[in-house]
Amino acid sequence: MSDFDFTKPQPPPKPSSPDGFDFTKPPPPEGSSAPFKPANSQFYNAAVAKKLFLASGKEEQFAAGQKIFEEADKASKGGVFSLSSASRMYFIVQGEVALTIGGKPLDTVKAGEIVGEMAVISERPRSATATAKAACTVLSLNGAELQGAIAKTPEFALMLMSVMFDRLRFIAARVAARKIAATAAAREAPVFDSALLAQFETALPRAAIVRYQAGASVMKEGQAGIYMYILKSGRVFIHIKDKVLEGVSPGGIFGEMALVDQSPRIASATADVYSELLAVDRASLMEAVKAQPAFAMVMLRAVVDRLRHMNAQLG
């Protein structure tokens, strides 16, 4: 468990390119999983990821030029965590993997990095094709194996989230720079199972109910993240400047990004009507996730859903 101590961030790794992304690269197909970016979070630990993949997954070999997965491949049917091997995520032990979209180069995944996780979690089509550049050794997990691994070590879900948060920050910056109508990007955020939220709330060592009048600011872009929020009643809008991204209804969660990886807020939240929220601090979140691993999966799916939505704004 100490390997996943999110209270002790590690030095940020060097990005694979000057800014971590190439703006000239084509966007993923509409409806696909979110755009690819190699693991570049300050919380990502390749040794820890490898250990988990070894314990819960299987080793595979791919010859030079062999496809690992193909663009637009759909994840298995029958639930996010089907036992089908049609959808797997990969940890690269040795070798390099080339990613392409429509036959055009996208990026290269190197040893120690993870690829393919978005399609496994979301059950969306693959957004790129992965091909072994040279003979590769990988460790792979399907959805059921990922679920089992997170049940044993729920902190791994938080590590995956921190990687996805890097992608969200990149996309948020591009959304903010685009000329998008103030409400064009708006959607209804997911509302989560009330029974699971109740169990999560019970597992919290401490939390506070906070109340906001209509028009009041709940959090502001650029601020440090002290709390994440679960909306108990009312309605809250999430926005970047004047661009409304989400409308949050009772049962929705928001603000978890800055809480998990201690980064500035990438968006603001404003109460649309009088609202009551459960405010959860970082230490309480970590303890509750360990007690209720299923909530870690809820948060992962929420991040994947948000990535897909925000990426669609760039299409």
Side-chain angles (χ1 to χ4, degrees), residues 6 80 121 150 154-155 157-158 161-162 164-165 168 172 183 185-240 242-310:
F6 278 74
V80 173
I121 295 168
I150 288 175
E155 295 91 338
L158 302 178
M161 271 186 272
S162 73
M164 295 178 197
F165 290 163
L168 270 170
T183 58
R187 63 137 190 181
E188 286 299 308
V191 175
F192 301 102
D193 179 77
S194 58
L196 179 59
L197 285 176
Q199 292 170 11
F200 176 75
E201 187 173 349
T202 300
L204 289 168
R206 59 188 172 277
I209 295 292
V210 292
R211 299 171 177 84
Y212 292 89
Q213 298 295 329
S217 173
V218 179
M219 65 185 197
K220 291 184 178 180
E221 184 178 345
Q223 286 182 335
I226 300 174
Y227 300 105
M228 65 166 276
Y229 300 94
I230 300 173
L231 187 59
K232 306 284 283 184
S233 66
R235 184 169 174 80
V236 170
F237 284 127
I238 308 299
H239 53 96
I240 296 177
D242 64 340
K243 298 179 178 70
V244 178
L245 300 177
E246 294 182 344
V248 184
S249 300
I253 61 174
F254 63 94
E256 74 279 10
M257 282 181 60
L259 198 67
V260 169
D261 61 10
Q262 298 178 310
S263 58
R265 305 281 194 193
I266 68 166
S268 300
T270 302
D272 179 44
V273 297
Y274 174 78
S275 301
E276 293 189 351
L277 304 95
L278 185 71
V280 181
D281 65 38
R282 193 166 185 270
S284 296
L285 171 65
M286 300 307 170
E287 290 186 39
V289 163
K290 291 177 184 178
Q292 290 289 336
F295 195 76
M297 289 310 308
V298 166
M299 293 177 67
L300 261 178
R301 291 170 193 150
V303 174
V304 169
D305 191 56
R306 191 176 299 149
L307 269 168
R308 286 201 308 266
H309 170 68
M310 289 184 66

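Positions are given from 1, in the same order as the sequence printed here.
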Keeping the roles fixed (side chain from S284, backbone from P205), state whether a donor-acceptor pair exists under 3.5 Å. no

With a 4.5 Å cut-off on side-chain heavy atoms, are L307 and L168 touching? yes

If you measure from NZ on K220 to OG on S268, what distance do you get to the nearest 0.5 Å? 8.0 Å

Tell me, do E155 and K290 make a side-chain contact under 4.5 Å, heavy atoms counted? yes

Please work out whether the ring planes of Y212 and Y229 are parallel, tilted or perpendicular, with thresholds of 30° and 60°. perpendicular

Hits for salt bridge (charged side-chain N to carboxylate O under 4.0 Å, His left out) against R235, two or more places apart or cross-chain, chain-then-number order -> E188

Closest heavy-atom pair, A157 versus I150, reported as atoms and distance to 0.1 Å, is CB-CD1, 3.8 Å

May I ask you to test the I253-F200 pair for a side-chain heavy-atom distance under 4.5 Å? no

Residue that, paired with I121, satisfies side-chain contact (heavy atoms from CB on, under 4.5 Å) out of V304, D305, V303: V304

Least distance between heavy atoms, A296 atom then V289 atom: CB-CG1, 3.8 Å

A side-chain contact here means heavy atoms from C-beta on lying under 4.5 Å apart; do L158 and M161 qualify? yes

List the atom of A267, the atom of M219, and the distance in Å for their closest heavy-atom pair. O-CE, 3.9 Å

Any chance you could lay out the side-chain contact (heavy atoms from CB on, under 4.5 Å) test for M228 and V260, step after step, and finish with the verdict? CA-CA 9 Å; M228 65 166 276; V260 169; over 6 Å; no

What I'd like to find out is whether the side chain of E201 reaches to under 4.5 Å of the side chain of I230, using heavy atoms alone. no

What are the two closest heavy atoms between Y227 and D281, and how far apart are they? CD2-N, 3.8 Å

As an exercise, state the distance from OG1 of T202 to CD of Q292, rounded to the nearest 0.5 Å. 8.0 Å

Looking only at heavy atoms, which two atoms of V248 and I238 are closest? And how far apart? CG2-CG1, 3.7 Å

So do the side chains of R306 and L245 get within less than 4.5 Å of each other, counting heavy atoms only? no

About how many Å separate CE of M299 and CG of L285, when rounded to the nearest 0.5 Å? 5.0 Å

Is a side-chain N or O of R211 found less than 3.5 angstrom from the main chain of E276, in a donor-acceptor match? no

In Å and rounded to the nearest 0.5 Å, what is the CZ to CG distance from F192 to L231? 12.0 Å

In Å and rounded to the nearest 0.5 Å, what is the CZ to CE distance from R265 to M257? 10.0 Å

Please report the closest heavy-atom contact between P250 and V191, naming both atoms and the distance. O-CG1, 3.1 Å

Which distance, rounded to the nearest 0.5 Å, do you find between the NZ of K232 and the OG of S275? 13.5 Å

Flag the pair L278 / I209 as yes when at least one side-chain heavy-atom distance between them is below 4.5 Å, and no otherwise. yes

